[in-house]
Structures are given as structure tokens and as C-alpha cells.
Amino acid sequence: MRIATWNVNSIRARKERVLDWLIRQQLPEIVCLQETKVTDDAFPRREFEDIGYWVTVCGQKTYNGVALLSRSEPSQVVDHLGGDPEDREARFLSAYIADVHILCLYVPNGQVVGSEKFAYKRTWLSRVRHFLDAQCDAGKPLALCGDLNIAPEARDVHDPEEWQDSVLFHPDMRQAFAALCGWGLVDTFRLHYVEGDLYSWWDYRQLAFPRNKGLRIDHILVTQSLAERCTDVAIDREARKGKGASDHAPVIAEFGAVPE
DNA sequence: ATGGTTGCTTAGCAA
């Protein structure tokens with residue numbers, strides 16, 4: 001079983017690229033998408049259904065938006081995080097696919113440290129932790145995937161000094177990431193790589209990608225029972241190349257069969 | 001050097 005996550009930066013602008021990638025990857029079982037930037041009625045669901053996916057969406061006009069593609073039918077779909085009835089931003093999906101509880105997250109960027117958006121990011125992340133505590137079972141297979149907009153460690157940032165005051169690498173956010181891990185999640189990427197210079201996002205500007213000035217902010221975090229089955233993880237830099245790419249690369253993790 | 005790029009929507013915001 002493979003689980004992928006990809007901030008596509010508009011599903012309508014990226015549709016052909018995403019379809020090509022899914023086919024080239026031979027249709028991963030579960031795919032979490034972020035920043036779809038489209039209302040549910042305008043999501044190009046047919047194209048993904050045609051290649052064999054169930055399509056679950058939680059979108060809004062212009063901003064945000066998440067989607068879950070799955071090779072089998074999802075159940076118990078939840079499309080809001082809870083904890084704030086006023087909050088209508090489309091950033092969250094929870095569902096069960098086969099035996100796995102999947103969470104697809106688009107964590108707020110936070111814009112500038114100290115801003116209102118930064119406070120929202122902090123609150124939103126604490127609501128995620130509450131959702132885990134109240135609605136999830138750390139003893140069962142669960143994968144929390146998405147653009148978490150946090151680089152957890154210095155080795156996840158091309159220039160930690162330059163980024164130390166940014167919302168993506170701020171100590172409070174790294175602490176919030178640690179709080180998610182403290183609930184019982186493991187960063188699958190770090191099961192397979194210890195080195196730095198491996199990133200999932202590069203700014204569109206200033207030739208950041210060819211210079212590899214990136215950050216690792218897209219993650220697949222799993223509970224212990226899945227971590228034990230995680231045989232491989234990859235960030236597909238190829239998908240970031242060329243004209244018409246998202247500013248994020250997809251991350252894909254592979255899991256072996258359930259042990260007898 | 002305070003820039004630059006992309007997408008949505010149409011001049012300004014968000015990332």
C-alpha cells in the first residue's frame with residue numbers, strides 16, 4: 001500500500017500533471033491533495049474517477065481546499081476539524097480507507113510571526129492535537145498527511161539561520177509539530193533518511209528550485225503500527241521540474257502487508 | 001539590492 005501527499009497549488013491548473021503523475025506511479029492507493037483552490041461542484045472529479053479513484057473533496061472558492069483520492073471506498077468521512085464552529089476554511093479531511101485512518105491536512109501558512117494568521121496557525125494546530133486526542137486511536141493504523149507548513153528540524157531547511165524567524169521554521173511551530181509526534185506519530189521520512197538537503201517545497205522566485213533552496217514542510221506521519229510496515233519513502237523532485245509545476249513536490253510512502 | 005513568481009480573479013491577496 002502506498003500513501004502520497006501533494007500540495008498541487010490549484011487542481012484545475014495542475015490536473016493534467018497530477019493525472020500523469022498518478023499513472024506514472026501506477027495509482028497509489030491513497031493520495032492526499034492540498035490547495036485545490038476550487039469549490040466542490042467545480043472539482044474535476046470525473047477525470048480522477050475515470051482512472052479508478054474515489055474522490056472525496058472539501059473545497060472553497062479561491063483559497064485552500066483539500067481532497068482525498070482512494071482506490072477503495074472511504075468511510076466515516078469528516079470534513080471539518082472541529083473546535084471552532086466559526087472556522088469555515090477548507091483545510092481538513094478525515095476518513096477510513098481499508099484499515100487505515102487517513103487525515104489530510106492543509107495547515108495554515110501563518111504569513112508573518114506575530115500576525116493574526118500566525119495566531120490562527122497555532123490555534124489550528126492545537127485543534128489538530130485535540131482531534132487526535134478525542135477522535136483517533138494511536139494504537140491503530142493512522143496516517144496524518146499534508147502540507148503542514150512546518151519544517152521540523154534544521155536539516156529540513158536549506159539555510160536555518162535565514163529562516164529562523166519565519167513562520168515555517170519558528171520554534172512555536174516546531175513545538176507544535178513535536179506535540180503531534182508526542183501523541184504517537186512518527187515522521188516516515190526520517191525512518192529512511194538522516195541527511196539534510198532533501199526538501200518538498202521551493203519558492204517559485206529567485207530560482208529557488210534549481211539552487212535547491214527549499215524546505216521540507218510536506219509530511220506523512222504515522223502511528224507505530226504503520227511505521228513498522230513503512231518500507232520506503234520518496235520525495236519526487238521530478239514532479240517539481242519544468243514549466244507548470246506546483247511549488248511543492250509530492251511525497252510518497254510505501255507500507256508492507258499487515259503482519260500475520 | 002526589500003527584489004522575484006504563480007494562481008485566482010481581474011488589482012490585490014495569498015503563498
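Convention: sequence-line order gives letters A, B, ...; per-chain numbering from 1. Values in this document were obtained by computation on a predicted structure and should not be read as measured data.
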[X] and [Y]: side-chain donor and acceptor closer than 3.5 Å?
X: A:D147; Y: A:W201; result: no
X: A:K121; Y: A:N109; result: no
X: A:T5; Y: A:Q34; result: yes

Where the side chain of A:D40 meets the backbone of A:G59, is there a donor-acceptor pair that is under 3.5 Å apart?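 It does hold such a pair.
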Donor-acceptor pair, A:R129 side chain versus A:G182 backbone, under 3.5 Å?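 Judged by distance alone, no pair lies under 3.5 Å.
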P gap between B:dT9 and B:dA14, integer Å: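 The same atom, P, in both gives a distance of 14 Å.
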Pairwise C1' distance, B:dA1 and B:dT6 [rounded to whole Å]: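 Taking atom C1' in both B:dT6 and B:dA1, they lie 23 Å apart.
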Does the side chain of A:R14 get closer than 4.0 angstrom to OP1 or OP2 of B:dT6 through an N or O atom?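 Answer is no, no contact under 4.0 Å.
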Given that A:A13 and A:D147 both sit by DNA chain B, which one's nearest nucleotide is further toward the 5' end?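 Between the two, 5'-proximity favours A:A13.
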DNA chain B: 5'-proximal contact among A:A245 and A:Y63 (nearest heavy atom):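 Its nucleotide being nearer the 5' end, the pick is A:A245.
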Mind calculating the distance between [atom1] ([X]) and [atom2] ([N]) to the nearest angstrom?
X: A:E89; N: B:dA15; atom1: CD; atom2: C1'; value: 13 Å
X: A:L33; N: B:dG7; atom1: CG; atom2: C1'; value: 17 Å
X: A:E116; N: B:dC13; atom1: CD; atom2: C1'; value: 15 Å
X: A:W6; N: B:dA15; atom1: CH2; atom2: C1'; value: 18 Å
X: A:D247; N: B:dT6; atom1: CG; atom2: C1'; value: 8 Å
X: A:I217; N: B:dA15; atom1: CD1; atom2: C1'; value: 10 Å
X: A:I11; N: B:dT6; atom1: CD1; atom2: P; value: 19 Å
X: A:N64; N: B:dA14; atom1: CG; atom2: P; value: 11 Å

Remember a base hit wins even if backbone is also touched, and classify A:F209 as base, sugar-phosphate or nothing at under 4.0 Å, heavy atoms.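 The answer is nothing, as A:F209 stays clear of every strand by at least 4.0 Å.
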Pairwise side-chain contact, A:R24 with A:E238, heavy-atom cut-off 4.5 Å (strictly under):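 The answer is no, as the side chains (C-beta and beyond) never meet within the 4.5 Å cut-off.
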Atom pairs, protein N/O to nucleotides 2-5 of chain B N/O, distance under 3.5 Å:
| unit_1 | atom_1 | unit_2 | atom_2 | d |
| --- | --- | --- | --- | --- |
| B:dG4 | N2 | A:Q206 | OE1 | 3.2 |
| B:dG4 | N2 | A:Q206 | NE2 | 3.1 |

List, with names and distances, any nitrogen or oxygen atoms from the protein found under 3.5 Å away from nitrogen or oxygen atoms belonging to nucleotides 9-11 of chain B.
| unit_1 | atom_1 | unit_2 | atom_2 | d |
| --- | --- | --- | --- | --- |
| B:dT9 | OP1 | A:T62 | OG1 | 2.8 |

Quick check: are there more than 12 heavy atoms from other residues, nucleotides or ligands sitting under 6.0 Å from CD of A:Q164?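 Correct, the count exceeds 12.
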Got a sec: does the NE2 of A:H130 have more than 12 other heavy atoms crowding it under 6.0 Å?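 Result for NE2/A:H130: open.
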Only one of A:L33, A:L19, A:N7, A:N9 forms a side-chain contact (heavy atoms from CB on, under 4.5 Å) with A:R14, so which one is it?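 Among A:L33, A:L19, A:N7, A:N9, the one meeting side-chain contact (heavy atoms from CB on, under 4.5 Å) with A:R14 is A:N9.
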